[in-house]
Each structure stands twice: as C-alpha cells, then as structure tokens.
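Heavy-atom basis, side chains included; hydrogens, waters and symmetry copies ignored. Bear in mind that the values here come from a model prediction, so they are computed numbers and not experimental data.
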Amino acid sequence: MPELPEVETIARNLRRGTGGAPSLIGQTIQNVRLLWSRTLAEPDVDSFQAILPGQTVLEIGRRAKFLALTLSESTLVVHLRMSGDLRMEPSESPVSTHDRLILEFDSSWRLSFNDTRKFGRVWLVNDTNVLFSSLGPEPDDPKLTPNRFHEMLQQRKRAIKPLLLDQHFLAGLGNIYTDEALFRAGIHPLQSSETLDLQDAARLLEAIRYTLERGIESNGASIDWVYRGGDFQNHFQVYQQTNNPCPRCGQPVNKTIVGQRGTHFCPHCQPLKGD
C-alpha cells in the first residue's frame with residue numbers, strides 16, 4: 001500500500017508535471033468516465049458525473065494517505081489503498097485494463113485512476129472535515145512536540161508497531177516506514193506504548209520524521225508494480241532484510257508477525273524493555 005512518502009510523491013508529480021505531462025493544476029474537467037462504479041464512495045454516480053464537468057483543479061494536497069484535489073466548486077478525494085495509482089496521460093492513449101476512473105480535460109490530457117485490486121476509493125465532497133475528522137496528527141505537525149507525543153503514547157496501552165499503523169493515532173505511516181523508524185529509534189515493535197519514557201518518545205518521533213523525509217527525498221519506495229520511480233528500497237535498514245546482517249551490529253535481521261503484519265527488526269539493537 002502506498003504510504004505517506006509515496007502519496008506525497010504522487011501529489012508532487014501531479015502538481016509539477018512529470019515525464020512530459022503538464023501540471024494537473026489549472027486543468028479543466030471536460031468529461032468523466034467512471035469505469036467501475038464501486039470506485040466511487042460518494043456521491044451517487046449520476047451526481048458525480050453531473051457535478052465534475054466544468055470544474056478546474058486549483059490545488060493538490062495530501063492528508064495522511066489521502067490525495068485531495070481542490071476544485072473550483074468541490075474537492076475530489078482519492079485513497080489509493082493497496083494498488084491504486086494516478087497518472088496524467090494524453091487523451092488518445094489506450095485505456096488500461098485496470099483503469100477505474102478517467103477525468104478528461106480540455107487540454108487533450110486526462111487523469112487516470114488505475115487500481116488493479118479495486119480497493120481504492122474516490123469521494124467528491126464540499127467539505128473534507130467530516131472525511132478526515134477521525135485521522136490523527138500528521139507526523140510533521142509542529143504542534144506534535146515530544147511532550148505531546150509522549151502523552152499520546154501514555155494514553156494507550158498497545159504494542160507500538162500496530163499503534164503507529166493506526167491512522168486514528170498518527171496519520172500516514174504504513175508497514176515500511178514504521179519498521180524503519182522503530183529500528184532507527186532502537187525500539188522493539190512489541191514494546192507497549194505506555195512503557196516508553198519521554199526520551200524514548202522524543203527519539204521515536206525524530207526517527208519517524210527522519211525516515212519519512214528520507215522516503216520523500218527518494219520519491220518513495222519501488223517494491224511492486226504500484227510504486228514507480230522511487231529508490232528508498234535501496235536504503236532499507238531492516239524492512240525486507242530478513243536474515244541479512246543488521247547494518248549496526250551485524251546480527252541477522254528477524255522477521256515476525258505483529259498485528260497480522262510482517263515485521264522486520266534487529267533483536268539486538270531493538271531489545272524488548274522489561275524482558
């Protein structure tokens with residue numbers, strides 16, 4: 001699943017234009033082709049196809065793993081889920097087998113939402129507050145101080161790995177960047193959140209921010225057919241490094257299951273406190 005750096009990379013590429021494609025900003029929607037109706041979460045199909053034509057893309061933002069396209073009259077929100085991707089392409093390009101939604105612009109370009117596994121969803125709303133109301137803070141929110149982060153950890157009694165994956169607690173992290181951040185912070189993925197002291201919390205918050213920043217600088221990680229153009233996979237310290245030597249101590253990286261997710265860590269560098 002695309003995580004914060006991958007989604008931010010897609011948003012940035014759509015803003016700037018890439019690979020010969022123009023920026024999405026300033027494009028006016030001429031026609032809407034909904035090729036798989038269940039891609040649309042809100043509103044109904046007829047309203048969706050009636051409201052969008054004539055609207056212009058004003059801004060492209062991100063909240064957690066959501067992309068938000070601010071239009072002249074409403075906001076189009078996209079969640080890529082497991083396999084979604086957005087790409088600008090010439091209008092005359094062949095439609096892909098897995099294209100679920102196509103927005104055609106008056107510039108002879110189109111935006112295609114491609115989603116092999118069909119888990120991605122699209123919302124057309126007037127106000128994103130309801131949709132985003134349950135999300136936790138962004139990791140780079142300046143209001144998220146080490147003290148505040150420590151308070152949040154103390155209020156929960158959960159293993160730290162699944163807690164960090166909980167979008168209601170902290171927005172944007174997924175499996176890759178959580179494993180990498182926990183390794184950088186030296187914290188075991190099963191460590192209970194309320195056992196972390198202020199120093200642990202500060203170190204973990206710094207590790208999360210550092211890891212996400214490096215991921216964005218690398219255009220995300222390219223580890224399957226979804227991620228395109230990123231190279232953060234070349235900098236993995238523990239993720240997908242099972243049995244390889246830890247870059248710090250040289251002992252084998254372990255893989256286990258935490259919260260039904262494959263989890264990579266170094267048992268020497270990330271000891272479970274209290275054991």
Side-chain angles (χ1 to χ4, degrees), residues 1-7 63-66 79-84 117 119-121 132-141 144 148-197 200-212 214-215 220-221 223-224 226-227 232-233 236-244 246 251-275:
M1 176 186 290
E3 302 181 29
L4 189 156
E6 287 76 39
V7 177
R63 176 72 169 101
K65 301 176 187 178
F66 293 87
H79 199 300
L80 303 173
R81 297 282 172 84
M82 292 296 294
S83 61
R117 298 183 184 176
F119 293 147
R121 292 294 180 267
F132 296 158
S133 62
S134 65
L135 292 172
E138 293 283 322
D140 64 350
D141 187 340
L144 185 62
R148 174 58 187 145
F149 189 51
H150 182 240
E151 290 173 2
M152 291 167 58
L153 294 169
Q154 295 300 299
Q155 290 166 2
R156 274 77 169 180
K157 292 185 178 181
R158 295 178 60 187
I160 191 63
K161 167 78 183 272
L163 180 59
L164 293 178
L165 292 176
D166 186 344
Q167 300 301 295
H168 304 295
F169 177 74
L170 191 67
L173 282 172
N175 214 33
I176 296 172
Y177 297 93
T178 298
D179 280 2
E180 292 292 302
L182 287 172
F183 172 72
R184 180 174 175 82
I187 295 173
H188 194 285
L190 284 173
Q191 192 70 50
S192 191
S193 61
E194 83 279 5
T195 66
L196 298 175
D197 59 26
D200 294 328
R203 191 171 66 254
L204 178 56
L205 183 58
E206 183 279 333
I208 290 170
R209 288 170 169 169
Y210 176 90
T211 302
L212 292 174
R214 298 293 82 75
I223 58 173
D224 59 28
V226 179
Y227 310 122
F232 190 64
Q233 69 279 1
F236 288 164
Q237 302 292 290
V238 290
Y239 188 78
Q240 292 191 338
Q241 303 301 306
T242 308
N243 295 326
N244 288 342
C246 168
Q251 293 194 22
V253 171
N254 284 12
K255 181 179 180 180
T256 188
I257 302 298
V258 176
Q260 301 182 323
R261 303 297 295 274
T263 298
H264 307 79
F265 70 105
C266 173
H268 179 263
C269 297
Q270 298 168 258
L272 185 59
K273 292 169 61 175
D275 265 15

Minimum heavy-atom separation for [X] to [Y], with atom names?
{"X": "Glu194", "Y": "Ser192", "answer": "OE1-OG, 2.5 Å"}
{"X": "Gly215", "Y": "Pro5", "answer": "C-CB, 3.7 Å"}
{"X": "Leu173", "Y": "Leu164", "answer": "CB-O, 3.6 Å"}
{"X": "Pro2", "Y": "Gly84", "answer": "CG-O, 4.2 Å"}
{"X": "Pro189", "Y": "Val258", "answer": "O-CG1, 4.3 Å"}
{"X": "Gly262", "Y": "Asn175", "answer": "O-ND2, 2.9 Å"}

*Matching residue for Asp200 among His150, Gln191, Lys273 - test: side-chain hydrogen bond (donor to acceptor under 3.5 Å, both in side chains)*: Lys273
What's the separation between atom [atom1] in [X] and atom [atom2] in [Y], rounded to the nearest 0.5 Å?
{"X": "Gln237", "Y": "Glu180", "atom1": "CD", "atom2": "CD", "result": "6.0 Å"}
{"X": "Leu196", "Y": "Met152", "atom1": "CG", "atom2": "CE", "result": "12.5 Å"}
{"X": "Gln251", "Y": "Cys246", "atom1": "CD", "atom2": "SG", "result": "8.0 Å"}
{"X": "Asp179", "Y": "Leu165", "atom1": "CG", "atom2": "CG", "result": "8.0 Å"}
{"X": "Leu182", "Y": "Cys269", "atom1": "CG", "atom2": "SG", "result": "13.0 Å"}
{"X": "Leu190", "Y": "Leu272", "atom1": "CG", "atom2": "CG", "result": "6.5 Å"}

*Charged N to carboxylate O under 4.0 angstrom, Arg148 versus Glu151?*
yes
*Salt-bridge criterion met for Asp166 and Arg156 (N-O under 4.0 Å)*: no
Give a yes or no answer on whether the side chain of [X] reaches the backbone of [Y] with a donor-acceptor pair at less than 3.5 Å.
{"X": "Gln270", "Y": "Cys266", "answer": "yes"}
{"X": "His168", "Y": "Ser134", "answer": "yes"}
{"X": "Gln154", "Y": "Asp197", "answer": "no"}
{"X": "Arg203", "Y": "Ala185", "answer": "yes"}
{"X": "Gln167", "Y": "Gly172", "answer": "yes"}
{"X": "Glu3", "Y": "Ile176", "answer": "yes"}
{"X": "Gln241", "Y": "Asn254", "answer": "no"}

Measuring only between side-chain heavy atoms, which start at C-beta, is [X] closer than 4.5 Å to [Y]?
{"X": "Ile208", "Y": "Phe149", "value": "yes"}
{"X": "Arg63", "Y": "Glu138", "value": "yes"}
{"X": "Asp140", "Y": "Leu212", "value": "no"}
{"X": "Leu135", "Y": "Phe66", "value": "yes"}

*asked:* What verdict does the side chain to side chain contact (heavy atoms under 4.5 Å, CB included) test give for Leu80 and Lys65, after you've listed the backbone C-alpha separation in whole Å, the side-chain angles of each residue and the deciding distance to 0.1 Å?
replied: CA-CA 8 Å; Leu80 303 173; Lys65 301 176 187 178; over 6 Å; no
*Run the side chain to side chain contact (heavy atoms under 4.5 Å, CB included) check on Val238 and Phe265 step by step: do they pass?*
CA-CA 6 Å; Val238 290; Phe265 70 105; 5.8 Å; no
*Hey, mind stepping through Leu170 and Leu144 against side chain to side chain contact (heavy atoms under 4.5 Å, CB included) and telling me if it holds?*
CA-CA 10 Å; Leu170 191 67; Leu144 185 62; 3.8 Å; yes
*Parallel, tilted or perpendicular: which fits the ring planes of Tyr177 and Phe232, with parallel below 30° and perpendicular above 60°?*
parallel
*Determine the interplanar angle of the Tyr239 and His264 rings, folded into 0 to 90°, and report it as parallel if under 30°, tilted if 30 to 60°, perpendicular if over 60°.*
perpendicular
*asked:* If you count every heavy atom of other residues, nucleotides or ligands that lies below 6.0 Å from Gln155 atom CD, does the total exceed 12?
replied: yes
*Geometric cation-pi criterion, Arg184 with Tyr210: 6.0 Å, 45°*: yes
